[in-house]
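Right, one structure below, let's go through it.
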Amino acid sequence: MPVHVLSEGAGPGAQVPAHLTRISISLISTSIDCSKKTVKGKVVHKGRLVSLADDDFILKTVIQEEDSQPDTTSINVVLLGALAKDFNQAVNQGDVVVAAGFTVGKSPTVHKDKLHPFNLLLSGDSACIYVSRPPPPADPRSPLAAKRSSTLSAEVSRAPKAPKYTYVKLGDLKPGAVVNVYGVVVFFKQPFKSRGTDFCSTLKITDPSNRKIGCTVFCEKLDNHPKIFRIGDIIRMHRVKTQFFNDSITLVNTFGFSVVTFDGTVGGAVEPRASSRSFHFDQEDRRTVEELRSWAASQTVLPSAPTIPLSAVQPKAYFDLTCQLLARADIDCTCTLLRVWDGTRCPHRLLKVIVAPDAIEGPSSFSTEKEKLIANILAYDNHVESAKQLKIGDFLRIYNLRAIPGSSKVPGLTSSQSDQVDHLAFHLHGGTAYGRGIRVLPENSPDVQELKRTIEGFAEDDELNDSALLEIWSTPPESPSDAGTAESSTERSCSHDVQPTTLSELKRSDPGGVHHVRVQLRSYEPQRLHQALKLYCSKCTSMQDVPDDELVAGLFSEASGDSGPCTPPAWALSGRVNIPGGSSGSSKRALGVHLSTQLMSEGKTKELIFLMGSTLAETCRLASGYQNIVPVRSSGGQLTLLDLSAPFLFRGRKRYYGCRRCSEAALREPSAEGVELIDEKIVAEALGIQLLKFCLLMKLELQDATDTLEVFLWRDAELFFSVSAEDAAANQEAQDRIRQTMDFLSSPEGSTGECPWLDVCLSAYRAADDGGQNRTCYQICHTAFTKLPSEPARS
DNA sequence: TTAGGGTTTG
């Protein structure tokens, strides 16, 4: 994209890309998403071009919306980098310009200049200025007009030029300059609310010059703060100013500030963690990061990050914990309980905190085995507020956590409950000293990936948030049968080194572990196989039934009832679509649709529509012609999504649902830039929906000569049937396959007159039932059905 | 404007 385009004649609107919409200057504020907005105004003041560093410039200008009152509609515009230089050369006072790709900041000069309380910052690749001048005089023979048009009719545009940033070594910093720097983080605090209007990050960095420099970042939005996860991270800051404080140089962010951080591990991926929409990153940056990593690794002076698992916690120690949030409860206004785990078991007895089940957000209890791994953390004072922002299932790093041995009084509880001598309590004390705080780690971070592997390792033997499974069925009877040596209709794919056992032996063995058995199917539930389909949330581990058509049709009909006037979002284009007739003679009708302007401009009109006022049946009919249909409704004059009990997306015959607990659903324009295929994941992400996964859940009663046993078929049900649950939800062929398999397994086979034999791997685990009683549960794992009546053995 | 680490409450 050109840094800027200047053109004469038809007016600035002519070259502005169609997907951008103009916004009035009076509406500019930091709460508006300006990524696809433009602002148009006349240049009423053009400041001097100021050089910040080699090839880096800043220029301030004031533009005024024409035909409106000047006091509310003049706004400061700050241009940075090459754009500032080009603007200086090409734009004159009196020109009308259109600005795009800007961000909005608070104007620090509002009290002085009495202009707009916010300003526009134009920096980076996405920033752009379009300009035109007043039309030339009417007489084309006028020498002046001829001259003007000849110089300006040619489009003045610049090829994209990568800005060349120069970085000052920390040892070379001088006061009173604006600079770009790289450094290794040796101390940091999570952003905290300052006494002013911004959040404040404080950190200290160093580099091979061995100078340690304190830095302060003030930004109103948390997103714009540096994303530092641990000491040793690499940080790059653009446009920070140096100032003297306490006899040393410090750095503070200034106009056009941007920051990118990187993991500091030698050999790790160089993934920029940006805090702005656009940022520059090239091979030279990669080299710099790698050099700083190697240098830092050789420095013993750098404090090592005390991140340790629960299994290694020492009493009295302060440490950082990487964990997953399982549940939360407010103890009182100065203390919040966070229940977390990291998949490892702390060798010390842990403090139990008793909280009323209705005060707990998230599951109120877990299986006995899982409970042993859960740490109760008491977060105090300022951390109560940040704990409120966390979502159950989030991956966290908690900084400067204290493991306190001995008796602890828990606020809000009676002393008899809280007096637990020799139990380890985890406290996150109030304040931000020592970097105390909580940070949500992104799912793609290497630490979270590792944490997930640890948690999954545990889940292998102690599967599921088991109450979800047990809530669905109660317990029935048992009886014996004969053993057999016939061919097996299933095959185990696990590599467990265990000897096959009988069901009666298995029932006598210790709880937990894996078992191999040779069994027959005695009965199964549900008999109506569509009831085996469930929706599972991998974030909060809840499971629910798939809503039936009657319920969904009701939601559609209720949604179409609100036919009041409704404002579509600015990015949407509205139109009508004809519903293809169903049975012959049914009347055709047209329904309201909204399309993404962005997708239309990319020629992807049919790939995603937002459909309003349709019935369930009509939506299904339209789904044959459009790849993705998102049903929407009018609510309070706004266009919104339907209740999440209904599918949020129709893709052909498939319907997708979102988790009501974990989604933060809102109607937003999906970004399909560079996306080959718009699928459920893209749509769910854009709409803030936590996608529910279809799964199959059955309870089987198995038997051998010695006993019977109830087991679940869940985690590996898709492997067992060689069918995806998603397909089973949408197509008859997949459903038939499950039906045929179950029929085959439960009917007498050939001359032997007995049911087929199955070699099965069973995983045993403890789980709490409805009454809170713990019992051992079994689940079929790593086992696939290999033979259908109509076909020879499959492998 | 704001903060400017830190000798760690429950």
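A cation-pi geometry, defined here as NZ or CZ lying under 6.0 Å from the six-membered ring centre and within 45° of its normal, does not hold between A/Lys204 and A/Phe187.
Proximity of A/Pro117 to A/Ser107: side-chain heavy atoms (C-beta onward) are nowhere separated by under 4.5 Å.
Side-chain atoms of A/Asp113 and A/Asn76 include a donor-acceptor pair closer than 3.5 Å.
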Going 5' to 3' along nucleotides 2-8 of chain B, which nucleotides have protein heavy atoms under 4.0 Å from the base (write B), which only from the sugar-phosphate (write S), and which from neither (write -)? BBBBBSB
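A salt bridge (charged side-chain N to carboxylate O under 4.0 Å, His left out) with A/Asp233 holds for exactly one of A/Arg397, A/Lys227, A/Arg273, A/Arg293; it is A/Arg273.
Rounded to a whole Å, the CG atom of A/Leu351 is 12 Å from the C1' atom of B/dG10. Protein atom CG of A/Asn376 is 16 Å distant from nucleotide atom C1' of B/dG10, rounded to whole Å.
Aromatic ring centres of A/Phe188 and A/Phe229: separated by at least 6.0 Å.
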